[in-house]
Amino acid sequence: MTDFTMDVGADGVAIITWNTPGKSMNVMSMQGFEDLEALVDTVLEDDAIKGAVITSGKPDSFAGGMDLNVIAQMKESAGDNPAKGLFEGIMNLHRFLRKIERAGMDPKTNKGGKPIAAALPGTALGIGLEIPLACHRVFAADNPKAKIGLPEIMVGIFPGAGGTTRLTRKLGAMGASPLLLEGKLNDPKKAKMAGVVDEVVAPNDLVDKAREWVLSGPKIVKPWDERGYKMPGGAPYHPAGFMTFVGASAMVNGKTQGVYPAAKALLSAVYEGAQVDFDTALKIEARWFTNVLMNPSSSAMIRSLFINKEALEKGANRPEVPDQKVTRVGVLGAGMMGAGIALVSAQAGIDVVLLDQDQAAAERGKAYSESYMDKGIKRGKATPEKKDALLSRITATTDYAALAGCDLIVEAVFEDPTVKAEVTAKVEAVVGEDCIFATNTSTLPITQLAKASKRPEQFIGIHFFSPVEKMLLVEIIKGKQTGTRAVAKALDYVRQIRKTPIVVNDARFFYANRCIIPYINEGIRMVAEGINPALIENAAKLVGMPLGPLQLVDETSIDLGVKIAKATKAAMGDAYPDGAVDDVIFWMAEQERLGRKCKAGFYNYDEKGKRTGLWLGLAEKYPRADDQPDLLEIQHRLLFVQSLEAVRALEEGVLEDIREGDVGAILGWGFAPWSGGPFSWLDILGTPYAAARADELADRYGARFAAPALLSEMGAKNQSFYRRFGQAPAAA
Ligand code: NAD
């Protein structure tokens, strides 16, 4: 079955309709291109056809983009010379889109040719906009929910089917840069204002308006195919253009720290392309696009941030249990976490009972949703009606009886096993037998907490990250006795609140905190070694970590670090490895430098809590060593210490699926997204090198870097994580 059909009206206008079978939104495949080209050939060759309108058979969208699996496959199947194969494949796309754009015009006189319009009923993303940009006029239905743009940069590539070159020529480098470099999406009216689409029309008139235009005998030659074309805003060596490129280059480097290859390649394609004719510019775009696709970072980002993230959201690891959609959730504890959990649940249309020890605390928790919605109203993102509807779904109470009828409980009371056990028993006395009980604990073993439950198979961990409404990851933790229905319930709930889940087994600090704590600790250890804190922080940022380890500990607070250190020491006894770290944080706590919340930590802060620079007083206690290490040495310490912990989590069966390990690391704590996550990073390094380098770091800095047996074994066999564990979930 083909994705494209064509219907030629009595007026001679061919309506080409894109309708990918079995998908809610059209997605472009290699076959799709061939089918569309065959129809375009017919339009251009058949004298009875006057022109064409390309539209969609889906009511609210034109197309969601290219099937990114195809790009991955294209690369895999390009044989011995993948760069050549990719380049030729991309040039073939350019040839085809150029065929639409030139539409049979005489190359010298620009005479002749047939008008081809694009009619977008709604969302048009990626290739779904690059095809319209090759057409002669773009009509969009006035559908405020539609999103129009080129979001490729968000998954580590850039618009490589002419979108970069066409948009730059259409809008100028300055006008095109937010759309290209930030992947900014617009609704149809804003897209028209930005100059991306040409006309916004009533949805019912969409195809008719486009048809009328085709029949009106319009001028179809593109400005860049006319003599004397000048780029809006000036080419790079024009004084105005010069300013744009200097600014854009600085902005890209500032934002990407040089670790995201796509943004830099995109800018190069724009800069170099702006100085040559259009067809040469397309060739340059194809070269840079090939360069990006050949970079292991881009395939790792596509795999983690698009393919695997989506697979996990769709329930890749959900047990086969009937639908467990949540209708009424009880949230215990209306503190920082409980308030956020109540908000995101109510946003998903779930009724919430928000319970705390006293009514004032419960109300404060609910007020969090109120002020959140007020801010949304101020920014034009919410309405008073939506606020009322959301607040009406949240019942703030102290009365356990109100929990009757809840099918899920999320407990977020104090991090104290006795308090947690007490509320578990109180809840189970009032809720129905089927109710699933989830705890949001960050540090207490689920299996232990489940002992307070009469139904441990219905007891599970649902671990949110703070701030709940912003953080995209939720970690689901199976205790020893947790049953499959509880897992399915947690997954269905996470899906309802539109977050990305990972499912892990119960072990100290689960997965995310297990990896992030060593990152923070390594930064603190370096302080104790006399490494310049600015070097530590900048090294982290330059390798793509969103926050340096010292900033991160300031954010999470040093007293929390002290608390966790004490508890861990008590649990581990002589095996406790972090004495050097404790010296620093205990001393910081003594100086009452507890982090951002008290406006003093590793950083100084102003009255408003804004960082004003690193605290120089640290050097009095921990003087700078004369010899400072290389940037790469610090970066390796910071990334290896996290990645080796991820490997141990896999080895021990805490992680069952490396896709979760990678996606969880990026969404949970911002592990250098350009790498695709810790397992992808180790694959990029190559396991033989990674194992040897880990052992070298262990010799220099301590046993925490020793390559886990799994990594050593994989290194010896030259195996990659994704070849060995990538397809189906599998434990080590
Ligand atoms: P918090 O101190 O802000 O809130 C706890 C709330 O629970 C308070 O409002 C308190 O009055 C209430 N409470 C205490 N005992 C109660 C009882 N017996 N009955 C009813 N309510 C009771 O704490 P928080 O930061 O929201 O953390 C809550 C839980 O979430 C903890 O288990 C914590 O480990 C976990 N967690 C915290 C974070 C974080 O970043 N803060 C992240 C993930 C998980």
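Atoms within each ligand, like the ligands themselves, are counted from 1 in listed order. All values reported here derive from a predicted model rather than from experimental measurement.
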Report the part of T556 in contact with ligand 1, treating N, CA, C, O as backbone and CB onward as side chain, heavy atoms under 4.0 Å; options are side chain, backbone, both, neither. neither
Have a look at A512, A412, P467 and point out the one with the heavy atom closest to atom 5 (C) of ligand 1. A412
Less than 3.5 Å between some nitrogen or oxygen of D356 and one of ligand 1, yes or no? yes
Which is it for K420 and ligand 1 at heavy atoms under 4.0 Å: side chain, backbone, both or neither? side chain
Using a strict 4.0 Å cut-off to heavy atoms of V419, name the atoms of ligand 1 that fall inside it. 15 (N), 18 (N)
Ignoring hydrogens and geometry, is there a side-chain-to-backbone donor-acceptor pair from E475 to A512 under 3.5 Å? yes
Examine the side chains of E529 and Y701 and answer whether a donor and an acceptor come within less than 3.5 Å of each other. no
Heavy-atom nearest neighbour in the protein, as seen from atom 4 (O) of ligand 1, with distance rounded to 0.1 Å: G335 CA, 3.2 Å
Decide whether S453 and E428 meet the rule of one side-chain donor and one side-chain acceptor closer than 3.5 Å. yes
How about F640 and W681: are their ring centroids closer than 6.0 Å? yes
Yes or no, since that's all I need: does a protein heavy atom fall within a distance strictly under 4.0 Å of atom 23 (O) of ligand 1? no
Atoms in ligand 1 flagged as close to V423, the criterion being non-hydrogen separation under 4.0 Å: 17 (C), 18 (N), 19 (N)
Are N317 and D657 close enough that a side-chain donor and a side-chain acceptor fall under 3.5 Å? yes
Between the main-chain N or O of A490 and the side-chain N or O of Q324, is there a donor-acceptor pair closer than 3.5 Å? no
Sequence neighbours excluded - ring-ring contact (aromatic ring centres under 6.0 Å, His included) pairs with any residue from residues 648-669: Y511-W669
Please list all pairs passing the salt bridge (charged side-chain N to carboxylate O under 4.0 Å, His left out) test where one or both residues lie in residues 547-559, with sequence neighbours left out. E555-R596, D559-K597
Atom 44 (C) of ligand 1: of S466, G461, S442, the nearest heavy atom sits on S442
Heavy atom to atom 33 (C) of ligand 1, shortest distance: which of R364, E411, E415, M336 holds it? E415
Would A361 count as a polar contact of ligand 1, with the cut-off being nitrogen or oxygen pairs under 3.5 Å? no
Note: heavy atom closest to atom 31 (C) of ligand 1, options T441, V413, N440, belongs to V413
Does E415 use its side chain to pair, donor to acceptor, with the backbone of K420 at less than 3.5 Å? no
Just to be sure I read this right, does ligand 1 sit under 4.0 Å from the backbone of F464, its side chain, both, or neither, counting only heavy atoms? backbone
Heavy atoms only: which of H463, Q357, E555, E475 is nearest to atom 13 (N) of ligand 1? Q357
